[in-house]
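Notes for the one structure printed next.
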Amino acid sequence: MLKFQDKETGMNGKHDLKVPLLDSTAVTDSEQAQVEPRKARTVMFKVGGMKCASCAISIESVLGKHNGIESVMVSPLQGQAVIQYKPELITVTTIKDTIEDLGYLVNDLPEQDIAVCRLRIKGMACTSCSESIERSLLRVDGVKKVVVGLALEEAKIHFDPNITDSDQLIEAIEDAGFGADLISSGDNTNKVHLKLEGINSPEDLNIIQSTLGSTEGVNHVEMDPVGHKVIISYDPDLTGPRSLIQCIQVAGQIPDFYNATLYVPPRRREAERQHEILVYRNQFLWSCLFSIPVFIFSMVLPMLPPYGNWLSFKLYNMFTIGMLLRWLLCSPVQLIIGRRFYTGAYHALKRGSTNMDVLVALGTNAAYFYSVYTLIKALSSDSFEGQDFFETSTMLISFILLGKYLEVVAKGKTSEALAKLTELAPETAFLLNLDGNENIISENEISTQLIQRNDIIKIVPGSKVPVDGVVVRGQSHVNESMITGEARPIAKRPGDNVIGGTMNENGCLIIKATHVGSETALSQIVQLVEAAQLARAPVQKLADQISKFFVPTVVVAAFLTWLCWFVFGEAGVYPRSWIPQAMDGFEMALQFGISVLVVACPCALGLATPTAVMVSTGIGASQGVLIKGGNALENAHKVKTVVFDKTGTLTVGKPVVVSTMLFSDVPIQDFCDMAAIAEANSEHPLGKAVVEYTKKLHQQYGSNTEHMTEVNDFEVYPGSGVGGNVDGKRVLVGNKRLMKAHNIPVNPEVEDYMSESEQLARTCVLVAVDGIVSGAFAVTDPVKPEAERVISFLRSMGITSIMVTGDNWATGTAIAKEVGIETVFAETDPLGKANKIKDLQMKGDAVAMVGDGINDSPALVAADVGMAIGAGTDVAIEAADVVLIKSNLEDVVTAIDLSRKTLSRIRLNYVWALGYNVLGMPIAAGILFPFTGIRLPPWLAGACMAASSLSVVCSSLLLQSYKKPLHFQDSQGSIDLSNSV
């Protein structure tokens, strides 16, 4: 499982559950002004060219004269200027220009605070839309970096909060023609949404805001005066939701009493997606209501005389009933239902780009307004013979709306895996109140969102674990498959960690909450997956490059198609018999041009990569593999060499005693007792293995271990071992170096035993009693049961496995031989591991590094793909590109295989997207017409365009059926090697 730091605090602990969690009183009006946050902002600059103190004084004096400058501090020694200013009176740009006007070089400090916000974007259709948004945001002063996810419909913006804010960013997006809503601002902090009760005036809101603002642990308070709601960002180490509710309650005074209840905001993304589906569905149905009669009046009834003869009845000159009905039915579709295409095209052209809306608007307008032209000609002439294309316009819009409707439905399914993860946590939990003797006083059912750190929670059989915690009482088996992908339930005992969202199966557990809110493993997983889905894969660059010239090229191709067919027709290049009845050369050429316009689809290209990345990262997370972005996903498929760390990666990471050898007549139990007593105060893993072995020995023989003698004069010899007096005897436990340092002879029998142990990848721990080596323990870190099969499977995939370790050559070589690795680098320090990675990369191979410890983090960063074992350290997890949640080596294979399957799917998506355009455009242009008479009508071309986007999304959805290529079931269960004496 993922390992996160636990910052213990006395606040809200189990002994404090009976007393008020926070003692706060109401704030008076005069006090309110004191807790109001200052509106002044601070900006820091690196100033070059300052030579002495007078330079600093001149900058300070000139800036001090500007209105809005509150304070200026300039350090010529550090070359820095710190300015406090009011943003409503003066801008950062003005401050910077003022200093530059004095002749100094000014640069932003790289370590200056950068804020991050996430925005939900509405109205994106293709890659050109996301690029337009990126350009618009980058033009905003203070924006440093922008990432826009087309499939996720989100933007992540890094900006300087001293220069701009989220409101200006939303305004920039809206100016570009898109909608935007704020999802989150700042880091992923813990937030609670509360509904306020007892509010009678704005003064009540001010009192509550002031009280909350002055509460320790509250970072930000956002009030909604209309809805009487409040959003509070807080530090879970210092406070929690129940504390904040109590804080609001005690803020009230007679006769005003305040209360607050938990408010669950609606899931806006899902609600907006459902609204979008509903809008497209309704527009399609309304379009069909008009389009089907137009199609019948244009294409069906004229072919069925005498049923369609009435349509040819002339009302005035050549103006017929059929023309009138088609125009009346087509106009609402073109001008009202199709207005979204006009709006999209207008905004696209306004910002200097083009998109699908431009193509649709051009194609439908050409058909509609030419048809209107034929109507006018028919009204004004008694001899005009021409055909209108109203059915082209209406059918085209109807098919495009149908395609968009199906596409939105399908796109919603790409994030199903992530949605399932977010729904794993239960809605309620049982909170226990304990007395000083840890006896249960009361039990209350509360919302999971009200759980605070150090709360004591009861989990009954069959219920879900609400938050991350540690078991303090009870035993059970917990099904963690929904988080880690591990199929078998995991035994849980006091001291074991549990993950929020997992299922308790057969026993009652009492846990202490250690991570709540956004700190839980489940929340961290969701945040990682969301970040991965937002990150753009390098393969996306192909679509980005094509989108820049795609639409202009299509427009030119459509114009040339119309021009060629029209000119060749007028010049008599092709026979008149090719022209369909009731059409002339101009009209046929126009239909070919419109077909080229509407058959081309830039949307499918834009969706090819992000939809596949969304599905694969979600599926990976549900199977225990967290992939941090499209870059890691793409690099993993190139891996040809996997470098494994030894301890904790190829091995279990928990040393155990596997055999004991006596070299004296000391009884085995006495020998083990003396060694365990000497090692009792040691923190070394080998010492702990000796103590644990002795406990098992006592259990095996049924002896008592509660009244063991304590060690006296305990000493630690770093790198060698420990020593002390046990029952009047001097006992030393350690390696050969410790024996030599105390002049204790190591006879050949001991040397032989040590040599044999090292050949078997075991570490020898010698025990000397009163200057004589009495015996030795052989300690080993067992190899993970799946390691050998994983190495073999990687070899079958064409991937070379290498082991790098800081251990000695004999142990490293023995472990490598056991798992089937041929190349070993031993006795390597952390920087040496990173250098080995770079040496392998110099040969031209993509290298993956699999590790778990802090000492592996340099190598994880240096590798093309860093894979961290989920049970490893926070540093390793942070440095890695891929996190293997359940610490199982088979997921190394899963990560690489999933990457290969995803990249293969992306290539197939590009084949679908480009295939429609490469094949569809020539057919639409009439390349087959001279030979076969096959022509692609505009409405059918529009259907093909809609089908291309849908096919790409459905192709990505097939990744949801992904199955792991390697499943290892350890039928023997856990390995117990500590019985050989």
Side-chain angles (χ1 to χ4, degrees), residues 4-14 16-17 19-27 32 35-38 113 115-118 161 166 182-197 205-225 227-252 258-265 425 429 431 446-457 466-469 500 512-524 526-527:
F4 301 100
Q5 288 185 344
D6 180 18
K7 301 177 183 176
E8 290 285 348
T9 64
M11 192 75 177
N12 307 331
K14 58 189 176 186
D16 301 320
L17 291 175
V19 300
L21 293 170
L22 203 72
D23 188 14
S24 177
T25 56
V27 182
Q32 180 186 340
V35 298
E36 281 286 328
R38 298 188 66 187
D113 288 339
V116 180
C117 76
R118 288 170 57 214
S166 56
L182 182 66
I183 299 175
S184 64
S185 183
D187 297 327
N188 291 309
T189 55
N190 284 279
K191 291 183 180 180
V192 62
H193 298 250
L194 300 177
K195 175 79 172 176
L196 301 175
E197 299 173 3
L205 292 173
N206 292 335
I207 291 173
I208 292 174
Q209 184 169 11
S210 300
T211 305
L212 290 171
S214 59
T215 301
E216 184 182 15
V218 173
N219 300 325
H220 181 67
V221 180
E222 182 181 339
M223 302 292 294
D224 177 9
H228 293 174
K229 301 183 184 76
V230 60
I231 303 173
I232 309 164
S233 302
Y234 64 92
D235 184 347
D237 290 332
L238 302 175
T239 188
R242 298 199 313 282
S243 303
L244 297 171
I245 290 175
Q246 190 167 2
C247 174
I248 293 171
Q249 291 171 342
V250 300
Y258 307 136
N259 194 16
T261 55
L262 194 66
Y263 167 71
V264 180
L431 174 69
I446 64 170
S447 170
T448 301
Q449 296 184 45
L450 293 177
I451 296 176
Q452 302 181 173
R453 182 171 290 175
N454 294 330
D455 279 347
I456 304 300
I457 306 296
V467 293
D468 294 2
K512 181 171 77 170
T514 56
H515 298 90
V516 296
S518 63
E519 294 181 341
T520 63
L522 186 59
S523 295
Q524 301 264 343
V526 171
Q527 290 166 22

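Just so it is clear, the model here is predicted, and its values are computed rather than measured.
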Say you draw a straight line from CZ of R242 to OG of S447; how long is it, rounded to the nearest 0.5 Å?
-> 11.0 Å

Pairwise distance SG(C247) to CD(E216) - rounded to 0.5 angstrom = 12.0 Å

Can you tell me how far the NE2 atom of H193 sits from the CD atom of E222, to the nearest 0.5 Å?
-> 8.5 Å

Side-chain heavy atoms of L262 within contact of P241, under 4.5 Å | no

Got a donor-acceptor contact below 3.5 angstrom from the Q209 side chain to the M223 backbone?
-> no

Supply the atom-to-atom distance L194 CG to D224 CG, rounded to the nearest 0.5 angstrom.
-> 12.5 Å

Short question: side chain of T215, backbone of T211 - any donor-acceptor pair under 3.5 Å?
-> yes

Going by heavy atoms in the side chains, are P466 and I457 under 4.5 Å from each other?
-> yes

Walk me through it: do T239 and Q452 pass the test side-chain contact (heavy atoms from CB on, under 4.5 Å)?
-> CA-CA 8 Å; T239 188; Q452 302 181 173; 5.6 Å; no

Between T520 and V516, is there a donor-acceptor pair closer than 3.5 Å when you use the side chain of the first and the backbone of the second?
-> no

Any donor-acceptor N/O pair, E197 side chain to T261 backbone, under 3.5 Å | no

Can you tell if the side chain of V230 reaches within under 4.5 Å of the side chain of I208, non-hydrogen atoms only?
-> no

Could you walk me through whether N454 and K512 pass side-chain contact (heavy atoms from CB on, under 4.5 Å), step by step?
-> CA-CA 5 Å; N454 294 330; K512 181 171 77 170; 4.0 Å; yes

With the side chain counted from C-beta on, respond yes when L244 and L212 share a heavy-atom pair under 4.5 Å apart, and no when they do not.
-> yes

All heavy atoms of A513 vs all of V467, minimum pair found to be CB-CG2, 3.7 Å

Can you measure from CG (L238) to CG (N219) and round to the nearest 0.5 angstrom?
-> 8.5 Å

What are the two closest non-hydrogen atoms of A260 and I248, and how far apart are they?
-> CB-CD1, 3.8 Å

Does L450 reach the side chain of I245, with side-chain heavy atoms less than 4.5 Å apart?
-> yes

V218 and S233: side-chain contact (heavy atoms from CB on, under 4.5 Å), yes or no, with the steps?
-> CA-CA 6 Å; V218 173; S233 302; over 6 Å; no

Hey, is the main chain of H515 close enough, under 3.5 Å, to the side chain of D468 for a donor-acceptor pair?
-> no

Is any side-chain heavy atom of Y258 closer than 4.5 Å to a side-chain heavy atom of V250?
-> no

Between the side chain of K195 and the main-chain N/O of N259, is any donor-acceptor distance below 3.5 Å?
-> no

